[in-house]
Amino acid sequence: MSDQAAEPQKKQKQQNQQNQQKGQQQKGGGKQDERRITPRAEDYSRWYLDVVREAQLADHSAVRGCMVIRPNGYAIWEKMQRELDARFKATGHVNAYFPLFIPVSFLSKEAQHVEGFAKECAVVTHHRLRAKSDGSGVEVDPESKLEEPLIVRPTSETIIWSAYKEWIQSYRDLPILINQWANVVRWEMRTRLFLRTAEFLWQEGHTAHETEKEALEETHLMLEVYRDFAENVMAVPVIRGAKTPGERFAGALESLSIEAMMQDGRALQAGTSHYLGQNFARAFDVTFQNREGKRELVYATSWGVSTRLIGALIMTHSDDTGLIIPPKLATTHVVIVPIYKTDEEKARVYTEADAVEAELKAQGLGVVIDKREGLAPGAKYYDWESKGVPLRIEIGPKDLENGSLCVARRFVIEIPGEDEKAQRSRKKAFLPRAEALAKIKTILDEMQKDLFQRALNFRAKKTRVINTLEEYEKFFKEEGGGFAWVHWAGTPEEEEVIAKKYQTSIRNAPLDGQFPEGGEGAGPCLFTGRPSARRVVMAESY
RNA sequence: CGGGGCGUAGCUCAGCUUGGUAGAGCGCCUGGUUUGGGACCAGGAGGCCGCAGGUUCGAAUCCUGUCGCCCCGACCA
């Protein structure tokens, strides 16, 4: 046990030593020594951290479990916000803001809710510091103890429903369709940048409705908004479905999710939409007079996506060179790298680069000219590739002479067996200037589609309809795993047993229209043999 | 919370076993030569060796305590 635990450390140390030696032996050496990103095949989770670091998306902060989102990472989040917010508004929602702090007593008003979140709450107990008697700094002033402790919101259902109670009297006050952009804190034991951090940014929608039917429709509508965003903006294919009772949001009657497949075959829950029934209305005594004049409890939904989406984005598209940003989420679409030898060439190349920049900006594209001195063009290529910029335009003396532009795509769809050089030449094209400028947007659109198609192909390759336990075990233990479509009719207890045994879990029970060939219809549960009406998706997960 | 590991330059780490002038690579700064896939030369800046005690003529190194971080596990809307 202890040896196993020590193993990765040892490995890392050895490797660092080797790298160091190599570096010393062959100074200024080849690509191998310049490698800053661990290949996915070697260590997927280190690859992930390397990509985040090289693209300067985020850093670990001085606070345990919390990250600093750097400008490159925040720019992606801002784009996501803009796209999502427009979709929320288009479906009739408005934004508002509720407090960061929630009285402890609020949380406990909904029994399941408090049970789900109690173990990961940050608690505020005092409101003042005082100087230490030995002058060595400050300490909590015991005199300043709060009468009732406050928790830092892990989610806002309780504080929001305490407000809704004040707002709702009649069916005429419904529906309430509110979204909040906020940060929340969940004191997670183990964290990973973007995927699970103690504090994260998200949006949370909280709606109140007259009827169950209307609330359920809202739940499905927002799930569809998330699907549309994931697939058409992030280029991440997702499976929509219902969580099992054991995996439901604390306090929900139904939890819907979108699940995406990462490049290691594991599933990532990318968004959730919950039907909360009358649970929170009951907890906060929120009733309204309905059309028949009778008092009734309000029906609720909540739904959210978080900065975790950035993790999904990375693990769906990026490669061993670094980040790949889908064009629709990029703030910089094109980087221009000038190439020159003499000062005279430099002046001419810069003039052309400025002109190209202006023309592309006029098309509404984000453009940067990399005018850094003393960096070889190749170094700049690697730099921008690791940051995920979709397109690069190289402008050199050759282009000035020929009236051409060299347009290089960040990626092309792989052809099996193709070596790196061949792939590179497929990425680059010398095009007549006018044609290049006219085609940039088309190329970006193509790339957006290619990313989605590539992810879809990958998921298809790692998806299996499975009918026997032997096959199931083989799929996950020997064949690298992925999404297994199986029949399930077990209890929550049985679900836990299976999860422990195979390290897999039920991601969701997919909604209609998504079943793979041969995966439709009823059958016997894979684990218990009991009859099951439809298949669920099982996978290892993040 | 249990088990393991690590704190030395901005980053990755060596030095510690056997105490004696603080090191390497990358990065950074200056100047020059370079520039179509990770340039080179020369010069330079940068350290309370996590923190607090102790042993010693002398501590990055030995001892004690403490704080922090990472990994494995448990936990995880």
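To find a chain, count down the sequence lines: A is the first, B the second, and so on, and within it residues start at 1. All heavy atoms count here, side chains included; hydrogens, waters and symmetry mates do not.
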Nearest-angstrom distance from the residue atom [atom1] of [X] to [atom2] of [N]:
| X | N | atom1 | atom2 | answer |
| --- | --- | --- | --- | --- |
| A:Y48 | B:C70 | OH | P | 15 Å |
| A:W187 | B:C1 | CH2 | C1' | 16 Å |
| A:R372 | B:A39 | CZ | C1' | 15 Å |
| A:E54 | B:G38 | CD | P | 17 Å |
| A:Y542 | B:C75 | OH | C1' | 19 Å |
| A:L49 | B:C69 | CG | C1' | 14 Å |
| A:Q56 | B:C11 | CD | P | 14 Å |
| A:Q503 | B:C76 | CD | P | 14 Å |

Whole-Å [atom1] distance, [N] and [M]:
| N | M | atom1 | value |
| --- | --- | --- | --- |
| B:G10 | B:G4 | P | 32 Å |
| B:U56 | B:C62 | C1' | 10 Å |
| B:G43 | B:G7 | P | 32 Å |
| B:A22 | B:G38 | C1' | 31 Å |
| B:C40 | B:C57 | C1' | 49 Å |
| B:G36 | B:G32 | C1' | 23 Å |
| B:C49 | B:C41 | P | 32 Å |
| B:A59 | B:G50 | P | 15 Å |

task: Just jot down the salt bridge (Lys or Arg N to Asp or Glu O under 4.0 Å) partners of A:E120, sequence neighbours excluded, or say none.
output: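 A:E120: no salt bridge (Lys or Arg N to Asp or Glu O under 4.0 Å) contacts found.
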- request: Tell me, please, which residues at least two apart from A:D50 pass salt bridge (Lys or Arg N to Asp or Glu O under 4.0 Å).
  value: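 Per chain and number, A:D50 pairs via salt bridge (Lys or Arg N to Asp or Glu O under 4.0 Å) with A:R53.
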Is the NZ or CZ atom of [X] both under 6.0 Å from the centre of the six-membered ring of [Y] and within 45° of that ring's axis?
| X | Y | result |
| --- | --- | --- |
| A:R308 | A:F194 | no |
| A:R392 | A:Y381 | yes |
| A:K243 | A:F249 | no |

query: Which is true for A:E247 with a 4.0 Å heavy-atom rule: it touches a base, it touches only sugar-phosphate, or it touches nothing?
result: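 The answer is nothing, as A:E247 stays clear of every strand by at least 4.0 Å.
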message: Under 4.0 Å, heavy atoms only, any strand: does A:T272 hit a base, just the sugar-phosphate, or nothing?
response: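 A:T272: base contact, heavy atoms under 4.0 Å.
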- request: Give a yes-or-no answer on whether the side chains of A:E110 and A:T158 include a donor-acceptor pair shorter than 3.5 Å.
  value: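 Looking only at side-chain atoms, A:T158 and A:E110 do not form any donor-acceptor pair under 3.5 Å.
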query: Going by a 90° cut-off around 0, is B:U30 syn or anti?
result: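 In terms of base orientation relative to the sugar, B:U30 is anti.
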- request: For A:Y44, enumerate each residue passing the ring pair (Phe, Tyr, Trp, His ring centres under 6.0 Å) test, keeping only those at least two apart in sequence or located in another chain.
  value: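 A:Y44 satisfies ring pair (Phe, Tyr, Trp, His ring centres under 6.0 Å) with A:W47 only.
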query: For A:D370, which residues count as a side-chain hydrogen bond (donor to acceptor under 3.5 Å, both in side chains) partner, sequence neighbours excluded?
result: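 side-chain hydrogen bond (donor to acceptor under 3.5 Å, both in side chains) list for A:D370, sorted by chain: A:R372, A:W384.
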Whichever of A:A250 and A:T191 has its nearest RNA chain B nucleotide further upstream toward 5':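 Closer to the 5' end of RNA chain B: A:T191.
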Which pairs, protein N/O on one side and nucleotides 31-37 of chain B N/O on the other, fall under 3.5 Å?
{"unit_1": "B:U35", "atom_1": "O2'", "unit_2": "A:Y340", "atom_2": "O", "d": "3.3"}
{"unit_1": "B:G36", "atom_1": "O6", "unit_2": "A:G396", "atom_2": "O", "d": "3.2"}
{"unit_1": "B:G36", "atom_1": "O6", "unit_2": "A:P397", "atom_2": "N", "d": "3.1"}
{"unit_1": "B:G36", "atom_1": "O6", "unit_2": "A:K398", "atom_2": "N", "d": "2.5"}
{"unit_1": "B:G36", "atom_1": "O6", "unit_2": "A:D399", "atom_2": "N", "d": "3.3"}
{"unit_1": "B:G36", "atom_1": "O6", "unit_2": "A:D399", "atom_2": "OD2", "d": "3.4"}
{"unit_1": "B:G36", "atom_1": "N1", "unit_2": "A:D399", "atom_2": "OD2", "d": "2.5"}
{"unit_1": "B:G36", "atom_1": "N2", "unit_2": "A:E394", "atom_2": "OE1", "d": "3.4"}
{"unit_1": "B:G36", "atom_1": "N2", "unit_2": "A:D399", "atom_2": "OD2", "d": "3.3"}
{"unit_1": "B:G37", "atom_1": "O2'", "unit_2": "A:R424", "atom_2": "NH1", "d": "3.4"}
{"unit_1": "B:G37", "atom_1": "O6", "unit_2": "A:E385", "atom_2": "OE2", "d": "3.3"}
{"unit_1": "B:G37", "atom_1": "O6", "unit_2": "A:R392", "atom_2": "NH2", "d": "2.7"}
{"unit_1": "B:G37", "atom_1": "N1", "unit_2": "A:E385", "atom_2": "OE1", "d": "3.4"}
{"unit_1": "B:G37", "atom_1": "N1", "unit_2": "A:E385", "atom_2": "OE2", "d": "2.8"}
{"unit_1": "B:G37", "atom_1": "N2", "unit_2": "A:E385", "atom_2": "OE1", "d": "2.9"}

query: Is the distance between the ring centroids of A:W303 and A:H93 less than 6.0 Å?
result: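 Yes: the rings meet the under 6.0 Å criterion.
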task: Test A:F106 against every option in A:F101, A:F280, A:F98, A:F284 by the ring-ring contact (aromatic ring centres under 6.0 Å, His included) rule and name the one that passes.
output: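 When ring-ring contact (aromatic ring centres under 6.0 Å, His included) is applied between A:F106 and each of A:F101, A:F280, A:F98, A:F284, only A:F284 qualifies.
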- prompt: Using a 3.5 Å cut-off on both pairing distances, which stems of three or more Watson-Crick or G-U pairs include RNA chain B?
  reply: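 Looking at RNA chain B, the stems formed by three or more consecutive pairs are B:1-7 with B:67-73, B:10-13 with B:23-26, B:28-33 with B:39-44, B:50-54 with B:62-66.
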